[in-house]
Amino acid sequence: VVQSASTEITITKKSFKKMPSVLLDSLVEEPEKRHAVPNHLLESKIYSELHRSKVIQAEPAVLHYGGYEVGKHHEQTLKLINISGDVINLHIIPPQTKYFQIKYNKTHRLVPGLSYVVTVDFCPDEWRYYYDCIQIHCQGEDTLIVPVHAYPAVNVVEFPSFINLSDVPVGK
């Protein structure tokens, strides 16, 4: 004959007492902070060509966001055109700041005469000048840089057409 175990559970108030977090923290190891993964193309290449290189051309050569509104998204389109006679593969290195984001669809290598369309989204969080760049690396040492500028613009309607700066003694 086997007797069944008792189904009564006795719970005491002391068993659910909260343990101090100091004890729990000593049992759990904190994960190490990860360092940023190095980008070989950023660290080893020099990006100095503007508008066009031997194999790629950017239209427009420089992106300007003038007169933006804080907190709103502003988009512009950048075309990267293959101007060489060969099929190329290129690497598009996005802007490094959080204010500029790029979107593009790269499904294949770039045939001569065709282009990639890159949408550049800008979302400012304050009223100031912003700068970044999009870097393009092609085969070999061929590189291209597309600067991206965003600046607040003065409302032209409210700006006076004439400013009178009268004579003032030095130091006054």
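Atoms considered below: every heavy atom in the structure, side chains included; atoms not considered: hydrogens, waters and symmetry mates. Computed from a prediction, not measured in an experiment: that's the story for all the values here.
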Student check: side-chain heavy atoms of Y68 and P152 closer than 4.5 Å: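 Side-chain contact under 4.5 Å: yes.
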For L78, the option from I134, I92, V148 that meets side chain to side chain contact (heavy atoms under 4.5 Å, CB included):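 Between L78 and the candidates, side chain to side chain contact (heavy atoms under 4.5 Å, CB included) is satisfied uniquely by I134.
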Atom pair CZ/CZ of F122 and F100 - distance to nearest 0.5 Å: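 Those atoms lie 4.5 Å apart.
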Enumerate donor-acceptor pairs with a distance under 3.5 Å from any side-chain N or O in residues 113-120 to protein atoms, sequence neighbours excluded.
unit_1: Y116; atom_1: OH; unit_2: H108; atom_2: O; d: 2.4

Side chain D132, main chain Q96, donor-acceptor under 3.5 Å: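 Looks like yes, one N/O pair under 3.5 Å.
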Residue pairs fulfilling salt bridge (Lys or Arg N to Asp or Glu O under 4.0 Å) with at least one residue in residues 69-83, sequence neighbours excluded: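 Matches after skipping sequence neighbours: E69-K72, E75-K103.
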Pairwise distance CD1(I136) to CD1(I56) - rounded to 0.5 angstrom: 7.0 Å
Heavy-atom side-chain contact between N89 and K106 under 4.5 Å: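 Of all side-chain heavy-atom pairs linking K106 with N89, at least one is under 4.5 Å.
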Rounded distance (nearest 0.5 Å) linking atom NE2 of H74 with atom CG of L63: 14.0 Å
Nearest heavy atoms of A61 and V146, plus distance in Å: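 Residues A61 and V146, closest heavy atoms: O-CG1, 3.5 Å.
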Ring geometry between H149 and H64 (parallel below 30°, tilted from 30 to 60°, perpendicular above 60°): parallel
Those residues that, when tested against K98, pass side chain to side chain donor-acceptor pair (under 3.5 Å) (two or more places apart): none
Validation row: Y65, Y130 side chains within 4.5 angstrom (heavy atoms):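 No. Closest side-chain heavy atoms not under 4.5 Å.
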hydrophobic_cluster_shared for V87 and I81, side chain cutoff 4.5 Å: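 The answer is no; the residues belong to distinct hydrophobic clusters.
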Exercise: identify the closest heavy-atom pair between L144 and R52: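 It is CD1-N, 3.7 Å.
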Check: T143 and C138 side chains under 4.5 Å, non-hydrogen atoms: no
